[in-house]
There are 2 protein chains.
Amino acid sequence: MPDAEPRPLPASWYEDPTSLLPPRELLDSLPTPLLAIHMGRVRANIARVLALTNGPERWRPHLKTTKTPEVWAELLAAGLRAFKCATVREAEVFCDLVEREGRDGIDLLLAHPLLGPGLGRLAALATRHPSVTISILVEDARAAATLPAPLTAFVDVDPGMHRTGLSPEHPAEILRVAEALGARLRGIHFYEGHLHDSDPDVRRAAVHAALDRLVELRDRFVASGLEIGELVTSGTPAFLSALSHRDLRGLDSTLHRVSPGTVVFHDVISEHENPELGLAPAALVLARVVSRPAPDRATLDTGTKSVSSDAGDPCCFVLGHEGFEPLHPSEEHLPLRVPPSSAPERGALLALVPRHVCPTVNLHDRALLVDGTQTRETSVAARGHGEKVPRSVLQVHRARR
Amino acid sequence: MPDAEPRPLPASWYEDPTSLLPPRELLDSLPTPLLAIHMGRVRANIARVLALTNGPERWRPHLKTTKTPEVWAELLAAGLRAFKCATVREAEVFCDLVEREGRDGIDLLLAHPLLGPGLGRLAALATRHPSVTISILVEDARAAATLPAPLTAFVDVDPGMHRTGLSPEHPAEILRVAEALGARLRGIHFYEGHLHDSDPDVRRAAVHAALDRLVELRDRFVASGLEIGELVTSGTPAFLSALSHRDLRGLDSTLHRVSPGTVVFHDVISEHENPELGLAPAALVLARVVSRPAPDRATLDTGTKSVSSDAGDPCCFVLGHEGFEPLHPSEEHLPLRVPPSSAPERGALLALVPRHVCPTVNLHDRALLVDGTQTRETSVAARGHGEKVPRSVLQVHRARR
């Protein structure tokens, strides 16, 4: 979670962002606020993570950050075959992409103990897309026993996030769920998202201690005759620590994968938590100065409905402007404190790096893809939930009244 | 802004919400998270506000909260003719509704000092919809002089929000902008959103003091020969105080209007700030229990991507369950602390009242309209920004490279 203290950011964040923006002759024609994705940086970030994971095998990228088929296509092009997502909508948009791209052998984990109509929709999706193996999380034996075909599952074990999943304190219960899954057991999901101490050594020690428990659990289950094909751990804050855990490399018949997703776009929180990753912000929000209420104040046409404020203030960093301090946003306004000597004029276009990029992307229906000599536009097709309520359900209801 | 202290809520919030929910036989078929709008309560809230404003003349409802044509149609049906909105998308969706409903004499203020391509789009909208008078805010003389036909404008005066607008300390500058607008000057916009002290007496005194300045300003301009047709003030926290300002009633040739919008849906913040309004929550987020990680814990399939967390924790209130305490949400999960004795089962459907309903509605593409014997579904058509970048612009760019 956020850390509100100001901390140094890479020198490049303070440099003129012109090279990242759409070409100058386009700027005046761009509606704002507008999400702009720099595809060159997307590719560079993916390549950098693949260097850290030593190839695609150990990375199961989370798709919830990026939500955009063109960006997911870059992950496929880079050789990635196993993915994680958070919503049925993400799964549906992703499977459509896999089909369009003609990919085989794709593996998608919806990392949620899904219940209700969404589970049926996911099962129907898996039936329509036999080239994608789709699994979910399961934390109770009843859900395990009634898991709709053709879904597979990971047992959801909670290392301390206290959100979903079974406690490693109760291995017998975990074993019962795993056994109830039978041949549809894929492995263990173990998300240590609560471990993000700002001191990397403290964080690494905490992550290693948590993962020691996971290794014990895995060994115990393998000894019980269960096939644990995969251990899925770690988002962006912890994945480097997890990769350095000695016992998780080269386990017999079990593959360990980390699942960071924010790394593809990067953001202020991730830079603060993981400066050593060497990533660059690839998703910017373009905004205009609409007001100059005072010599040291400039207000942008961007607020909590276009740059998420879920992680606190400041909600973003103004690229190329060390001295511009974002103040508390309201829904459609972001006031900046600016040095009067370098205050931007009304109408000026600025590029913002979100503090938390995942919910920011989710606010945008469309995005500009800036890609070398091309500037395209696309739909952030997997944003939101927005499942239609089946019309038949509403009609049945009307008939009964 | 939010106040994190727990405070008593009306007894009805603790009662079984069954009467507000879609009928029981529908519940299992509903995808979650799902925005559900209770149309009976929408109508009752509108009627209640109209009783407080003594009829439709003094209320210019803000459309940014509700974003849904069916809800806006209720405002039109209740006799309201002047509206406020925040985005060009809201304006476009609203004008389409006005046309479908065949309404004349409608007045829409986009309360933003719009610049860039959005201004051209708004002007084009006004040309397409001559039955709607469309205005924006202006804070500088250059924008006033170049305001595209057929838009009109309100001078943006800032009583202390420090977001947009001119300070009342500089009446000469305000006068210059007003004069530059000439015949297109509609009046003064004066948004005192910074005044929301939790003590109603303190708040009323502060609002009255601010509005004294507005009355002085108006008198001065009228004395200068300017026509000040309307004074627009006050969102939900301050509008009752503004209505009780003696000098703003029955001004010669100037109409004072307040512009609350949250009142139509109501939320936890508004209830805390304005319990005397006597409103009831009309927009709920339906969520499912997907996990029971501990005897005193239940986790919902609802997080910051479906219930806004911009106003802090708790992000919502669980209707009908006094003892259920929402903890910090993540993007797709909301853990609740629950009494083990009354803990809900996996799969149970709960109804949440958002802490801040405006950005919550903005997260949803679709909504269920629960209306007496009918349950319909609709699109939250005005959510987001999502203006398409004109294809011609992108093509010109490609050609030039």
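Chain letters run A, B, ... following the sequence lines, proteins first and then strands; every chain starts at 1.
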Given heavy-atom pairs under 4.5 angstrom as the criterion, report whether the side chain, backbone, both or neither of [X] touches chain B.
X: Val88(A); value: neither
X: Thr164(A); value: both
X: Arg163(A); value: both

Out of [options], which one racks up the most heavy-atom pairs below 4.5 Å with chain B?
options: Thr304(A), Asp158(A), Asp140(A), Leu368(A); value: Asp140(A)
options: His364(A), His162(A), Met161(A), His112(A); value: His112(A)
options: Lys64(A), Arg142(A), Glu139(A), Arg292(A); value: Glu139(A)
options: Cys358(A), Pro335(A), Gly347(A); value: Cys358(A)

Distance-minimising heavy-atom pair for Leu115(B) and Val290(A): CD1-CA, 3.9 Å

Nearest non-hydrogen partners of Ser291(A) and Pro113(B), listed with the distance: CB-CG, 4.3 Å

Ser308(A) side, atom OG; Lys305(B) side, atom NZ - distance, nearest 0.5 Å: 9.0 Å

Check residues 26-34 of chain A and write down every donor-acceptor pair under 3.5 Å in which the side-chain atom is one partner and the other belongs to a residue at least two apart or another chain.
unit_1: Thr32(A); atom_1: OG1; unit_2: Arg288(A); atom_2: NH1; d: 2.9
unit_1: Thr32(A); atom_1: OG1; unit_2: Asp301(A); atom_2: OD2; d: 2.6

Residues of residues 378-385 of chain B contacting chain A, heavy-atom criterion under 4.5 Å, by residue number: Arg383(B), Gly384(B), His385(B)

Most contacts with chain A, counted as non-hydrogen pairs under 4.5 angstrom, among Leu327(B), Leu363(B), Asp156(B), Leu137(B): Leu363(B)

Sequence-distant partners of Glu192(A), salt bridge (charged side-chain N to carboxylate O under 4.0 Å, His left out), two or more places apart: none

Which residues share a salt bridge (charged side-chain N to carboxylate O under 4.0 Å, His left out) with Glu377(A), sequence neighbours left out: Arg366(A), Lys388(B)

Donor-acceptor contact below 3.5 Å, side chain Glu331(B) vs main chain Pro359(A): no

